2 protein chains.
Amino acid sequence: MESSFAIIAEPNRRTILSLLASSECSVGEIEHQLRMSQTSVSKHLRVLRDAGFVEVRVEAQRRVYRLRPEPLMEVDAWLTPFRRFWTAHVDALERHLNQMDLPPNKGKKR
Amino acid sequence: MESSFAIIAEPNRRTILSLLASSECSVGEIEHQLRMSQTSVSKHLRVLRDAGFVEVRVEAQRRVYRLRPEPLMEVDAWLTPFRRFWTAHVDALERHLNQMDLPPNKGKKR
DNA sequence: CTCAAATATGCCTTGACGGGCATATGAACC
DNA sequence: GGTTCATATGCCCGTCAAGGCATATTTGAG
């Protein structure tokens with residue numbers, strides 16, 4: 001029931017996801033590569049799993065985690081209405097922003 | 001200093017951003033259209049402003065808020081490494097996932 | 001069955017965040 | 001200057017989530 005956005009608000013979880021984007025990993029590998037405590041890794045993976053970001057495969061004593069794309073696709077989809085603010089308008093937008101950000105003579109407080 | 005991801009973790013803030021994606025709005029307009037309290041709207045706008053998601057324009061007694069693209073571009077950029085999991089691979093990925101999810105004969109618990 | 005390795009979970013504490021209320025600030029108008 | 005409209009801010013409170021520690025659980029080995 002937690003929004004995908006809330007899930008990826010956590011920096012450690014984003015790091016884990018980025019790592020899993022390279023390749024699937026066991027808990028121990030994540031723990032070691034990211035220098036996080038095992039407890040923390042397991043808990044974050046639990047959250048990621050419940051939210052559908054990852055899935056597990058049991059392999060001997062190891063649990064190998066792998067990325068699932070759906071929740072991130074949802075985030076990607078949410079961005080759609082905003083893309084018109086930069087896609088294909090980049091140059092025009094930049095000109096516009098520069099014009100707003102650097103009023104040459106206004107002497108603003110800030 | 002707050003990550004853009006933490007900012008958009010808040011549902012009301014996402015709603016405000018979506019509204020601003022349609023057109024710039026004053027605080028009162030947001031308050032009315034989204035049925036949120038003025039206090040709440042102002043506070044969220046403050047957070048969004050500090051994080052660079054919006055900018056203000058003073059117009060008489062009104063403050064008109066407008067979207068700024070940079071932070072969302074950052075989110076969009078973070079998604080890049082993950083897009084290969086669905087862009088242009090959709091069908092292949094689906095086949096792959098189906099193959100993993102529904103082992104035809106393994107008799108899994110679940 | 002016992003032990004060890006890998007991982008998960010429960011409990012507790014602490015800190016951050018959102019909501020509401022009252023109040024402050026600022027601009028316009030008389 | 002005083003009043004009113006529009007918005008911002010400070011304070012208090014309840015909630016919730018993350019980290020740490022200890023412990024439980026699962027799986028493999030002997």
Side-chain angles (χ1 to χ4, degrees), chain A residues 1-17 19-20 23-67 71 106 108-110, chain B residues 1-20 23-67 71 106-110:
Chain A
M1 283 259 359
E2 271 279 28
S3 113
S4 301
F5 296 89
I7 305 294
I8 60 174
E10 226 291 325
N12 293 315
R13 282 198 286 264
R14 285 201 304 281
T15 311
I16 292 177
L17 288 175
L19 180 58
L20 292 180
S23 87
E24 49 179 38
C25 288
S26 72
V27 178
E29 287 168 351
I30 299 174
E31 177 189 352
H32 186 253
Q33 296 207 30
L34 306 185
R35 310 278 185 104
M36 300 174 52
S37 82
Q38 180 261 314
T39 301
S40 183
V41 173
S42 278
K43 283 183 182 173
H44 284 307
L45 284 172
R46 169 72 158 152
V47 174
L48 289 170
R49 187 164 175 258
D50 287 346
F53 283 79
V54 301
E55 60 185 357
V56 207
R57 189 179 75 231
V58 179
E59 195 164 276
Q61 311 97 316
R62 314 256 168 104
R63 263 89 170 179
V64 179
Y65 284 81
R66 164 203 307 172
L67 211 125
K106 224 11 186 346
K108 286 173 65 178
K109 179 79 136 303
R110 200 163 178 226
Chain B
M1 285 264 351
E2 270 281 29
S3 111
S4 301
F5 296 89
I7 305 293
I8 60 174
E10 226 290 325
N12 293 315
R13 282 198 286 265
R14 286 200 303 281
T15 310
I16 292 176
L17 288 175
S18 295
L19 180 58
L20 292 181
S23 85
E24 49 178 39
C25 287
S26 72
V27 177
E29 287 168 350
I30 300 175
E31 178 188 350
H32 186 253
Q33 296 207 31
L34 305 185
R35 310 279 186 104
M36 300 174 51
S37 81
Q38 180 260 315
T39 301
S40 183
V41 173
S42 277
K43 283 184 182 172
H44 284 307
L45 285 172
R46 169 73 157 152
V47 174
L48 289 171
R49 187 164 175 257
D50 287 347
F53 283 79
V54 300
E55 60 185 357
V56 207
R57 189 180 72 232
V58 179
E59 196 165 276
Q61 314 97 314
R62 315 256 166 105
R63 262 91 171 177
V64 179
Y65 284 81
R66 165 202 308 174
L67 210 126
K106 231 2 188 351
K108 286 174 63 179
K109 181 79 137 303
R110 194 154 183 244

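So you know, we letter chains A, B, ... as the sequences are listed, proteins then strands, and number each from 1. Keep in mind that this is a model prediction, so the values were computed, not measured.
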Identify which nucleotide among dA8(D), dG19(D), dA8(C) has an atom closest to any side-chain atom of S40(A), counting heavy atoms from C-beta outward.
dG19(D)
Do other residues, nucleotides or ligands put more than 12 heavy atoms under 6.0 Å from R49(B) CZ?
no
Given dG19(C), dA8(C), dG10(D), identify the nucleotide with an atom nearest to the side chain of T39(B).
dG10(D)
In this structure, how many angstroms lie between the C1' atom of dC5(D) and the CZ atom of R62(B), rounded?
9 Å
With respect to the phosphate group of dT9(C), does any side-chain polar atom (N or O) of R46(A) fall under 4.0 Å of OP1 or OP2?
yes
Give a yes/no on whether any side-chain N or O of Y65(B) is located under 4.0 angstrom from OP1 or OP2 of dA6(D).
no
Rounding to an integer number of Å, can you tell me how far R57(B) CZ sits from dG26(C) C1'?
18 Å
From the set dT7(D), dG19(C), dA18(D), return the single nucleotide nearest to any side-chain atom of Q38(B).
dT7(D)
At under 4.0 Å between heavy atoms, what does R49(A) touch on the DNA or RNA strands: base, sugar-phosphate, or nothing?
nothing
Just compare dA17(D), dG19(C), dT7(C) and give me whichever is closest to any side-chain atom of E2(A).
dA17(D)
Within the structure provided, determine whether L34(A) and N12(A) are in side-chain contact (heavy-atom separation under 4.5 Å).
no
Counting only side-chain heavy atoms from C-beta out, which of dA8(C), dT7(D), dG26(C) sits nearest to Q61(B)?
dG26(C)
Out of dG20(C), dA6(C), dT7(C), which nucleotide sits closest to the side chain of S37(B)?
dG20(C)
H44(A) side-chain N/O to dG19(D) phosphate OP1/OP2 under 4.0 Å:
yes
Can you tell me which nucleotide in dA18(D), dT9(C), dT7(D) comes closest to the side chain of E10(A)?
dA18(D)
Can you tell which of R63(A), R57(A), R62(A) makes a salt bridge (Lys or Arg N to Asp or Glu O under 4.0 Å) with E59(A)?
R57(A)
Which one, dG20(C), dA8(D), dA28(C), comes nearest to the side chain of K43(B)?
dG20(C)
